[in-house]
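Below, read A as the first sequence line, B as the second, and so on, with proteins coming before strands; counting in each chain starts at 1. Note that the coordinates shown come from a computational prediction; the quantities given were computed from them, not determined experimentally.
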Amino acid sequence: MRFTVSTWNINSVRLRIDHVLRFLAEERPDVLCLQETKCPDDAFPLKALRGSGYEHVVFAGQKGYNGVAILSRHPLLTRAVMSFCERADARHISAVLGPEAGRAAGIVLHDFYVPAGGDVPDVGLNPKFAHKIDFLDALRAWGGRRVSGPAILVGDLNVAPLEHDVWSHKQLLDVVSHTPIETERLETLRGEAGWIDAARLLTPEPEKIYTWWSYRSPDWAAANKGRRLDHAWVSPDLAGTVRGVTVARHARGWDRPSDHAPVTLALEL
DNA sequence: ATGGTAGCAGGGCTA
């Protein structure tokens with residue numbers, strides 16, 4: 001049984017609900033996890049999803065910023081939200097796939113939106129960067145020992161951990177998202193908990209992988225100065241089932257796009 | 001510690 005989970009920083013789910021529907025129609029993932037929905041819960045565009053085949057929806061939003069959501073073709077058993085750093089920011093949601101999901105039943109899905117961290121990579125000068133580092137440390141504490149059972153963690157982690165996750169390793173070493181303080185933290189917490197970076201299983205370095213291209217580039221496709229900020233991790237139980245991770249780069253070229261492209265993890269269960 | 005563009009909200013913050 002093929003099972004797919006997509007993740008996409010949509011940068012306003014209300015503004016881009018048509019993009020969501022288009023992607024779902026094209027890709028038909030079993031599950032789509034969204035970040036930066038920028039949408040209070042009472043304004044989530046549920047009506048637009050009716051008839052799409054994605055009737056099982058959980059979300060945690062707030063006004064203007066952040067916000068995460070999980071859209072599923074299969075019933076979801078639970079909805080859980082964690083908060084980090086003593087903030088009410090909507091940066092995490094999780095759910096468990098119900099028995100109707102067949103061999104995927106019981107898989108735990110975690111959807112994360114890690115703080116971007118501002119512009120200056122100095123915890124003393126930039127409170128937003130300090131918050132990002134605190135968040136990563138909290139994530140490490142949450143992961144603790146090894147993750148048990150079948151689980152998938154996806155989201156916009158706002159860190160491009162490897163040399164070939166950015167267009168220029170040297171030029172970005174002092175740029176937030178690729179500084180050693182972030183990349184070492186992310187790799188350490190991932191390794192300690194036992195998560196596997198699914199995208200790099202079948203596409204190892206030095207092949208480049210990007211999932212985000214800045215809005216500020218006048219011609220993002222030609223410049224191709226991307227970064228891999230969006231991730232799909234699997235628990236050790238699922239490592240042998242990974243069949244690939246693909247980036248729907250073309251969606252970055254849609255009219256009024258998100259600055260992130262959707263990323264899809266495929267498993268054979 | 002540039003400026004470039006984008007979304008929300010309707011100014012300035014966040015990315």
Side-chain angles (χ1 to χ4, degrees), chain A residues 7-20 22-23 33-45 48 59-69 83-92 111-136 139 154-161 165-168 171-183 186 210-231 249 251-263:
Chain A
T7 179
W8 195 6
N9 178 318
I10 194 65
N11 188 17
S12 175
V13 69
R14 283 179 286 179
L15 189 69
R16 273 182 267 282
I17 188 63
D18 289 345
H19 284 29
V20 170
R22 180 176 171 184
F23 175 73
C33 296
L34 297 172
Q35 304 87 36
E36 273 206 277
T37 55
K38 294 185 173 179
C39 178
D41 288 349
D42 60 10
F44 197 90
F59 42 82
Q62 66 186 88
K63 192 173 101 170
Y65 307 104
N66 310 322
V68 284
S83 59
F84 295 89
C85 310
E86 274 111 46
R87 295 194 188 208
D89 292 353
R91 295 185 178 276
H92 167 267
D111 180 10
F112 275 98
Y113 176 50
V114 172
D119 289 330
V120 182
D122 185 315
V123 295
L125 296 176
N126 174 9
K128 290 202 283 286
F129 191 70
H131 177 219
K132 181 178 197 174
I133 299 308
D134 287 348
F135 194 98
L136 291 171
L139 209 53
V154 300
D156 177 5
L157 304 185
N158 264 316
V159 179
D165 290 339
V166 293
W167 64 275
S168 169
Q171 289 183 75
L172 291 176
L173 270 172
D174 201 33
V175 172
V176 171
S177 74
H178 195 60
T179 65
I181 190 172
E182 299 162 83
T183 59
L186 192 73
Y210 307 142
T211 67
W212 172 90
W213 295 261
S214 172
Y215 281 128
R216 297 174 189 174
S217 174
D219 190 346
W220 69 275
N224 199 27
K225 293 183 174 179
R227 305 179 200 171
R228 183 170 73 109
L229 304 181
D230 303 276
H231 297 269
R249 189 182 196 271
R252 179 62 178 80
W254 288 350
D255 187 48
R256 298 198 75 191
S258 167
D259 46 352
H260 295 252
V263 174

Nearest whole angstrom, please: distance from the [atom2] of [N] to the [atom1] of [X].
X: A:W8; N: B:dA15; atom1: CH2; atom2: P; answer: 20 Å
X: A:D89; N: B:dC8; atom1: CG; atom2: P; answer: 18 Å
X: A:L15; N: B:dA9; atom1: CG; atom2: C1'; answer: 13 Å
X: A:N126; N: B:dC13; atom1: CG; atom2: C1'; answer: 13 Å
X: A:Q62; N: B:dA9; atom1: CD; atom2: P; answer: 11 Å
X: A:N158; N: B:dA15; atom1: CG; atom2: C1'; answer: 8 Å
X: A:D156; N: B:dA6; atom1: CG; atom2: P; answer: 19 Å
X: A:H260; N: B:dA6; atom1: NE2; atom2: P; answer: 14 Å

Counting only side-chain N and O atoms of [X], is one of them less than 4.0 Å from OP1 or OP2 of [N]?
X: A:R91; N: B:dA15; result: yes
X: A:R256; N: B:dG7; result: yes
X: A:S12; N: B:dC8; result: yes
X: A:K128; N: B:dT14; result: yes
X: A:R16; N: B:dG7; result: yes

Positive for side-chain hydrogen bond (donor to acceptor under 3.5 Å, both in side chains) with A:N11, one of A:H19, A:Q35, A:K38: A:K38
Counting side-chain heavy atoms from C-beta on, which of [options] comes nearest to [X]?
X: A:R216; options: B:dA1, B:dG7, B:dG4; result: B:dG4
X: A:Y215; options: B:dG7, B:dA6, B:dA9; result: B:dA6
X: A:Y113; options: B:dC8, B:dA15, B:dA9; result: B:dA15

Select from A:N9 and A:T37 the residue whose nearest nucleotide in DNA chain B is closer to the 5' end of that strand. A:T37
Want to settle it: does A:L125 or A:R14 sit nearer the 5' end of DNA chain B, counting the closest nucleotide to each? A:L125
Nearest-0.5 Å distance that lies between atom [atom1] in [X] and atom [atom2] in [Y]:
X: A:I10; Y: A:R16; atom1: CD1; atom2: CZ; value: 6.0 Å
X: A:D41; Y: A:F59; atom1: CG; atom2: CZ; value: 5.5 Å
X: A:S177; Y: A:L186; atom1: OG; atom2: CG; value: 11.5 Å

Say you pick atom [atom1] in [N] and the same atom in [M]; how far apart are they, in whole Å?
N: B:dG3; M: B:dA9; atom1: P; answer: 27 Å
N: B:dT5; M: B:dA1; atom1: P; answer: 22 Å
N: B:dT2; M: B:dG7; atom1: P; answer: 23 Å

Contact class for A:F129 vs. all strands (heavy atom < 4.0 Å): base, sugar-phosphate, or nothing? nothing
Once you apply a heavy-atom cut-off of 4.0 Å, does A:D119 come out as touching a base, just sugar-phosphate, or nothing? nothing
So which of A:L34, A:T37, A:D156 actually passes side chain to side chain contact (heavy atoms under 4.5 Å, CB included) with A:Y113? A:D156
The single option from A:W213, A:Y210, A:W167 passing side chain to side chain contact (heavy atoms under 4.5 Å, CB included) against A:K225: A:W167
